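Reminder, nothing fancy here: chain letters follow the sequence lines and each chain counts from 1. In what follows, every heavy atom counts, from backbone to side chain, and hydrogens, waters and symmetry copies are set aside. None of these values were measured; they are calculated from a predicted model.
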Amino acid sequence: MNLAVREALRAFQRAPMLSLLSITTIAFSLFAFGLFGLVYLNLRDALAQVEERVEIRGFVAEGTSAEATSAAVGDIAAFPEVASVRYVSDVQALERARRELGEFEDVFEAGILPASIEVRLREGQRDPESVRSVARRLEFYDFIDDIRYGEEWVEKLYKIRNIATAVGLSLGVIFAIVAIIIIGSTIRMAVLARSREIHIMRLVGATNGFIRAPFLVEGFLKGVLGGLLALVLTYFTFEFVGQYVVEATYFGSGLAVLGVLAGALIGLLGSAVSVGRHLRRV
Amino acid sequence: MNLAVREALRAFQRAPMLSLLSITTIAFSLFAFGLFGLVYLNLRDALAQVEERVEIRGFVAEGTSAEATSAAVGDIAAFPEVASVRYVSDVQALERARRELGEFEDVFEAGILPASIEVRLREGQRDPESVRSVARRLEFYDFIDDIRYGEEWVEKLYKIRNIATAVGLSLGVIFAIVAIIIIGSTIRMAVLARSREIHIMRLVGATNGFIRAPFLVEGFLKGVLGGLLALVLTYFTFEFVGQYVVEATYFGSGLAVLGVLAGALIGLLGSAVSVGRHLRRV
Amino acid sequence: MIRFTHVSKLYPKGGPALDDVSFHVNRGEFVFLTGPSGAGKSTILKLVYVDQRPSQGEVRIAGQSSVTLTGSAVPKLRRRLGVVFQDFRLLEDRTAEQNVAFALEVIGTPQDAIGPKVARVLTQVGLAGKATALPHELSGGEQQRVAIARALVNDPLVLLADEPTGNLDDRATRGIFQLLRDINATGTAVLMATHDLATVRANPYRTLEMNRGKLVYDSASEHPAAADEFDAPVPDASETPQ
Amino acid sequence: MIRFTHVSKLYPKGGPALDDVSFHVNRGEFVFLTGPSGAGKSTILKLVYVDQRPSQGEVRIAGQSSVTLTGSAVPKLRRRLGVVFQDFRLLEDRTAEQNVAFALEVIGTPQDAIGPKVARVLTQVGLAGKATALPHELSGGEQQRVAIARALVNDPLVLLADEPTGNLDDRATRGIFQLLRDINATGTAVLMATHDLATVRANPYRTLEMNRGKLVYDSASEHPAAADEFDAPVPDASETPQ
Ligand SMILES: Nc1ncnc2c1ncn2[C@@H]1O[C@H](COP(=O)(O)OP(=O)(O)OP(=O)(O)O)[C@@H](O)[C@H]1O
Ligand SMILES: Nc1ncnc2c1ncn2[C@@H]1O[C@H](COP(=O)(O)OP(=O)(O)OP(=O)(O)O)[C@@H](O)[C@H]1O
Ligand SMILES: [Mg+2]
Ligand SMILES: [Mg+2]
């Protein structure tokens, strides 16, 4: 094994740039996974918070009787998805608007904001689908003029999360494939360059496992180095974002170790596939 | 030369994946340049259009005399950067608001929109810097309460353009470097793998140029293929964007040929540097 | 030890390299293999160290048959052989010393046993002073002696030597030949392919003569064969010799 | 043609490989170079084809001096020499034919002239039937003959042959030697390093004997030297021979 490690290090010397490139590519692969994994994690948290504040607001037509609205409030409260329902009169609405939009105070005059029924949903029922379905059911009340809900925002966040996941996954997979190709090619060339040596090893009684070992060690080392580099990269990116953009959650040491292992796996895989295929031909 | 091309093609056979990777990396490098080049071109056009509509609006305090405002209008018109100045009374402002923001009609009531002085700048003077400087000079008039100008939009577009240029340039340069490294490493390994052959070539009287030629041809071919691939990639991206996002301008055939030449140059460079360095040692 | 039974070898290109060859070599025997260029001498040796498989017939080596030998059993068999290749087959980027040590590392010899063994065998072939030279820093004859040292260092059961003195002058040839005789005296069988008729004539060993793939002369058929023990399995002690 | 003047060669490792060697070879001469393994025979040849430069003294070849020869002039000089290397130096991934053709391609011989030349020279060395075999598909002696064919195909001004018959049996040796004699008869100087004392003794050519880097015997010093024309520049006609 000692010999295998020595031979693997020799290989680094022989193709330093290509080895570096393999390591960097593995690192980028894991970095892409890691970065978009972090985006996913943080967006998931953000979504949970935003969803908490999701509310459906039905504007009540002027001159609707108090009985009609309170009957509706009771009905709506009975929907399985609904957590709470609240009636906001036009006076309350104006007050709230003044409070919240103080800046534009002069714009709001009495009577321009209508009364509304405001509905909050239970946890787990706040996805765009459920929100839309409750909103549709509110439309059945004749006296409800217009319905608003933060639909664009929720949908946007969901979209961002999905895009981030897809981009992260595909970038990661692409880089992983490129890494495997580079490693595989490096080893293909190393096997070609060392074919004479390999042939001689065979002739003096070396087993296939013995011949294969340095290549596997080489791939494994590259993978581990790539994984560590990826960890460093994500950490600095994360720190940078935390400082200049938003506070975010980092992943735990368990996931970090998993990342390095994933690198080792990519490295081993690239080596194993290539060395298996090429040794047969030498 | 015939021999050099044959040897170069042999090299492709020996390391097909690595050759493909070299080509792809060159393609990505040029793709990055090309794509962000296109973004730059199109943003430049968009900026020109947006800037045309840039206007500075000074809101006039209630109860200001007509003489004061018209004197100010005269003064401002004399600024070198200014193309035109217009006074908009409160009645005109409300009308315009109703027309433009029909949707929110009920929100606007007489008296809430103040009168204003609206200033447009000359072409070439519409960059954020000039706009800000004119706006600052408007502040000197006591009766001007508040000044608004599309500053965020202009600055945002400028920022996007600058970011796009920087991202494009750096991505392009990074990929170009990676391409040169991959090509260089491929050739380094090829030189190592063929060192015996190269030594023998020397012994039977081959000149250095003769030995170098196949490697240079190899790099050149990779570069040209990479350049063509990049053209195809940008073209499809461009078509896709044109169909689903916005109409955009594509670059002419002169630039396209330049791109392929740039690819050839990257390929040649990667080969030349590596082969020069390694042949000396064989 | 080695038995060829009606062995033929046809390479994909060209005619038969071996044509119905049968002979056996006993344990501890010393055998010359002669014949003109292209006669099939190297091919016989390649069949013994299983670089090639026979097209027809059977080759038995140390109790193993070419018919049943699996690919994974080949390394184990080779560790019990020492081979001097006609073209030396030294590793270009390792010193003489490292080339010899390599053959020991490959078979898992403990690290601290390697140094002394290598030094001893390099001295035997007269290259103690060139231990740290790379192959391209050695003369042709010196390279050949490194190849011989590598074949000997394992204390093999059988030594296969393909033209081991082709690049050596008369005096060096006599030295190497004496070395092979010493090895043989310790019980190692030696099968040596050579063009050097002077050496063959000067030594009273058995001679196999090949021509165009056929065995045309076997001096052993003139005098009685030694105790026939060629087919008995040999205890596998070669990995921890001495 | 070739003149060594007080030439010494010290390799970075080890003692002097050549020690104050002086001799000259005239145009069209046939010279044997003998001596024990490690004596410096290959080193002399390497100095002639400028694979090595002398540490001291001067080597002149075809009017070029090792003192003034620039690196870029070396290929041109080599094209006028034919070299048979002791270790053959064939390209492993090319056939016998391609290996020989390669030497012509490198020096820019027109494509349609290559085929006939290659076929002719392969026939001369007795390998017409093995033209499409790769080196590893050839016996040791066959590889050696490919190497000889490659050295001859250029119609060189000087043929340097390092142990060209080391892997050949007596009959093949006589064949190759006859070939070298024929070449020599057309005016090509031949400098042949060899251990084969039988051949040396059987032929009345000049013999240089080396030992430990020193020139210890020159048979030419016993009889008068031929017309001394070694230093005259030779017209550069080797690139379009015949
Ligand atoms: N791998 C191969 N493929 C095709 N033909 C081969 C192969 N190996 C050897 N041959 C042919 O088989 C014949 C016998 O070769 P072999 O190497 O056994 O000869 P040899 O007796 O060792 O000759 P030499 O004294 O020249 O080394 C030769 O004609 C050779 O060309
Ligand atoms: N590149 C080198 N570096 C160091 N020493 C070298 C180098 N080449 C040759 N030598 C040494 O120089 C001496 C002479 O070598 P040379 O190859 O000339 O011998 P030779 O006469 O051709 O011997 P042989 O008959 O064995 O081929 C030898 O001792 C050899 O080890
Ligand atoms: Mg042979
Ligand atoms: Mg020599």
Contact winner vs chain D - C:Lys41, C:Gln143, C:Gln86, heavy-atom pairs under 4.5 Å: C:Gln86
Checking heavy atoms, do the side chain of C:Leu138, its backbone, both or neither come under 4.5 Å from chain D? neither
Answer yes or no: does atom CZ of C:Arg212 have more than 12 heavy-atom neighbours from other residues, nucleotides or ligands under 6.0 Å? no
Interatomic distance, C:Asp51 atom CG to D:His136 atom NE2 [nearest 0.5 angstrom]: 9.5 Å
D:Gln56 atom CD, over 12 foreign heavy atoms within 6.0 Å: no
As an exercise: rank D:Gly35, D:Ala17, D:Ser37 by heavy-atom pairs under 4.5 Å with chain C and give me the winner. D:Ser37
Measure distances from C:Glu142 to the heavy atoms of chain D and classify the residue's part below 4.5 Å as side chain, backbone, both or neither. both
Residues 162-174 of chain D: residues contacting chain C (heavy atom under 4.5 Å, by number): D:Glu163, D:Gly166, D:Asn167, D:Leu168, D:Asp169, D:Asp170
Can you confirm whether C:Ser139 sits close enough to D:Ser42 that some side-chain heavy atom of one is under 4.5 Å from a side-chain heavy atom of the other? no
